[in-house]
Amino acid sequence: MLQTESFAPRLLSWFARHGRGDLPWQRDRTPYRVWVSEIMLQQTQVATVIPFYARFVTRFPDVTALAAAPLDEVLHHWSGLGYYARARNLHRAAQLIRDTRGGAVPEDHAALVALPGIGRSTAGAILALANDQRHLILDGNVKRVLARWAGIGGFPGEARVAAQFWALSENVTPAARAADFTQAIMDLGATLCTQRRPRCGDCPLAKDCVALAADRIAELPARRAPRKRPRRRIVWLVYRRAGAVLLERRPTTGIWGGLWGFPEFATRAEAEATAVKRAGRRSARLTALGTVRHVFTHFELEIEPLLVELDRRAPLVEQGSETWYKSRAPTRLGLAAPVTSLVAALAAPPRRRRP
DNA sequence: TAATCGTGGCA
DNA sequence: TTGCCAAGATT
């Protein structure tokens with residue numbers, strides 16, 4: 001039988017001893033800093049976020065600084081963290097907060113959810129952690145803890161199942177100590193009730209944990225039905241002229257949206273025709289740089305990069321969405337991940353033969 | 001409802 | 001290699 005009333009006391013008692021209390025966003029706990037951390041932590045592990053968070057809040061210490069910065073520089077600080085819509089939404093939300101609320105992060109749930117990039121759970125986390133307001137969260141940690149403790153089957157992504165989680169969360173969340181409770185249930189999920197090799201022997205909820213009693217820890221929470229990963233192939237043209245490469249801003253939609261990358265084509269024939277045109281000749285010398293394969297969660301991407309060497313005297317045409325990038329010069333642009341590695345490979349000195 | 005969006009760690 | 005997952009939101 002589930003002991004709903006003692007859920008929070010047990011968790012809070014455990015938290016006092018074993019909770020994480022020294023994460024970067026827990027120091028100087030302003031709503032802005034908590035907000036930024038919650039966005040970065042969406043679908044991203046704590047260890048990955050920490051160095052990005054440190055650089056980000058140093059450069060953008062408050063809403064005003066973030067709102068005033070160019071999007072390119074925000075994306076530059078996000079480059080390598082992934083899910084770049086988060087950065088675009090964060091930047092846009094900062095400008096909205098500046099323009100409509102004088103730079104003060106909203107302190108009510110509805111106003112937060114109305115901002116881009118903030119959903120129900122993230123809004124709840126911000127208000128609970130930064131303002132000690134009683135709000136629910138439903139992240140991967142909470143889903144895992146609740147699914148096991150109450151034996152909730154079914155894929156949490158399904159609406160009907162998600163409703164069960166929210167309802168159960170409502171029942172176990174105490175009236176007071178919102179910040180501690182929210183942090184506690186996340187800490188339990190992150191450090192003890194982990195996906196692999198959970199330490200049930202140390203868990204304060206073990207004595208009435210349904211999954212543990214039924215030996216179903218490994219199968220909860222339920223996973224979605226596996227899907228086949230579609231494969232896409234694209235061609236990139238790497239124009240090089242006097243040590244610089246041509247970059248263009250990628251469209252906002254799609255992979256690496258808003259970051260800078262190489263001119264992209266669906267087919268090699270289309271790429272070659274464009275290369276000839278830009279080189280201003282009847283033909284252009286194209287060098288295959290070796291296919292790059294990216295395996296993402298939901299699809300595979302094969303990139304065929306083609307190097308186009310332009311004459312040093314070729315005109316340095318530059319439009320609004322184009323720039324010539326030198327790898328050794330400082331940049332404030334967000335670069336797509338393969339761009340960074342490709343540019344690094346191009347800049348590396350050619351290997352000498354052994355004498 | 002289901003697909004989309006990144007990267008790094010792990011078995 | 002391959003699959004799965006991590007402080008989810010958006011369309």
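Residue numbering restarts at 1 for every chain, and letters A, B, ... go by the order of the sequence lines. All values below were derived from every heavy atom in this structure, side-chain atoms included, with hydrogens, water molecules and symmetry-related copies excluded.
Side-chain N/O atoms of Arg293(A) include one lying less than 4.0 angstrom from OP1 or OP2 on dT2(C). A close approach under 4.0 Å does occur between a side-chain nitrogen or oxygen of Arg223(A) and OP1 or OP2 of dC5(C). OP1 or OP2 of dA3(B) lies within a sub-4.0 Å distance of a side-chain N or O belonging to Arg227(A). The phosphate of dG8(B) (OP1 or OP2) has no side-chain N or O of Thr44(A) nearer than 4.0 angstrom. A close approach under 4.0 Å does occur between a side-chain nitrogen or oxygen of Arg144(A) and OP1 or OP2 of dA6(C). One finds no side-chain N or O of Trp78(A) lying less than 4.0 angstrom from the OP1 or OP2 phosphate oxygen of dT7(B). Checking the phosphate oxygens (OP1, OP2) of dT7(B), a side-chain nitrogen or oxygen of Tyr84(A) falls inside 4.0 Å. Close to dC5(B), at under 4.0 Å from its OP1 or OP2, lies no side-chain N or O of Arg88(A).
To the nearest whole angstrom, the two C1' atoms, one in dG6(B) and one in dC5(C), are 13 Å apart. Taking the C1' atoms as reference points, dT1(B) lies 23 Å from dA6(C), given to the whole Å. The same atom, P, is picked in dT4(B) and in dA7(C); the two are 24 Å apart, to the nearest Å.
In this structure, Glu300(A) atom CD and dT1(C) atom C1' are separated by 11 Å, rounded to whole Å. Look at CG on Leu81(A): it is 16 Å from P on dA9(C), rounded to the nearest Å. The nearest whole Å value for the distance from the CZ atom in Phe155(A) to the C1' atom in dG8(C) is 12 Å. Between Phe299(A) atom CZ and dA2(B) atom C1' there is a gap of 16 Å when expressed in whole angstrom units. Atom NZ of Lys143(A) is separated from atom C1' of dA6(C) by 11 Å (rounded to the nearest Å). Atom CD1 in Ile50(A) sits about 16 Å away from atom P in dG8(B), given to the nearest Å. To the nearest angstrom, P of dA6(C) lies 14 Å from CD of Gln42(A). Rounded to whole angstrom, the span from the CD atom of Gln43(A) across to the C1' atom of dA7(C) amounts to 9 Å.
If you check every strand for non-hydrogen atoms under 4.0 Å, Thr297(A) touches a base. Nucleic acid contact class of Leu23(A) (heavy atoms, under 4.0 Å, all strands): base. At the heavy-atom level, Ala337(A) lies under 4.0 Å from the strands shown only through sugar-phosphate atoms. Arg160(A) comes within 4.0 angstrom of nothing in the nucleic acid, heavy atoms only. Across all strands shown, Gln183(A) has heavy atoms under 4.0 Å from base atoms, whether or not it also approaches the sugar-phosphate. Gly254(A) comes within 4.0 angstrom of the backbone, heavy atoms only, and of no base. Across all strands, Gly157(A) comes closer than 4.0 Å to no nucleic acid atom at all (heavy-atom distances). Arg250(A) comes within 4.0 angstrom of nothing in the nucleic acid, heavy atoms only.
At a cut-off of 3.5 angstrom, the base of dG9(B) holds no donor-acceptor pair with the side chain of Thr48(A). For Arg20(A) and dA7(C), a side-chain-to-base donor-acceptor distance below 3.5 Å is present, hydrogens and geometry of angles not being considered.
Rounded to the nearest 0.5 angstrom, Ile118(A) CD1 and Gln42(A) CD are separated by 8.5 Å. To the nearest 0.5 Å, atom OG of residue Ser37(A) and atom OH of residue Tyr32(A) are 11.0 Å apart.
Classified by interplanar angle (parallel below 30°, tilted 30° to 60°, perpendicular above 60°), the ring pair Phe296(A)/His294(A) is parallel. His109(A) and His135(A) have parallel rings, their planes meeting at less than 30° on a 0 to 90° scale where 60° marks the start of perpendicular.
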Chi angles and distances behind the side-chain hydrogen bond (donor to acceptor under 3.5 Å, both in side chains) call for Asn141(A), Arg144(A): CA-CA 5 Å; Asn141(A) 292 308; Arg144(A) 194 165 52 252; 2.9 Å; yes
Stepwise, does the side-chain hydrogen bond (donor to acceptor under 3.5 Å, both in side chains) test hold for Asp72(A) with Trp260(A)? CA-CA 9 Å; Asp72(A) 272 334; Trp260(A) 291 74; 3.0 Å; yes
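When distances run from any side-chain atom of Trp256(A) to the nucleotides dA7(C), dG8(B), dT7(B), the shortest one goes to dT7(B). The nucleotide whose nearest atom lies closest to any side-chain atom of Ile255(A) is, among dG8(B), dC5(B), dT7(B), dC5(B).
Inter-residue side-chain proximity for Val292(A) and Pro305(A) is flagged as met; some heavy-atom pair is nearer than 4.5 Å.
Comparing His298(A) and Pro221(A), the nucleotide of DNA chain C nearest to each residue sits closer to the 5' end for Pro221(A). Toward the 5′ end of DNA chain B lies the nearest nucleotide of Ala159(A), the other residue of the pair Gly80(A) and Ala159(A) mapping further downstream. When each of Gly82(A) and Arg224(A) is assigned the nucleotide of DNA chain B with its nearest heavy atom, Arg224(A) is the one assigned upstream, toward the 5' end.
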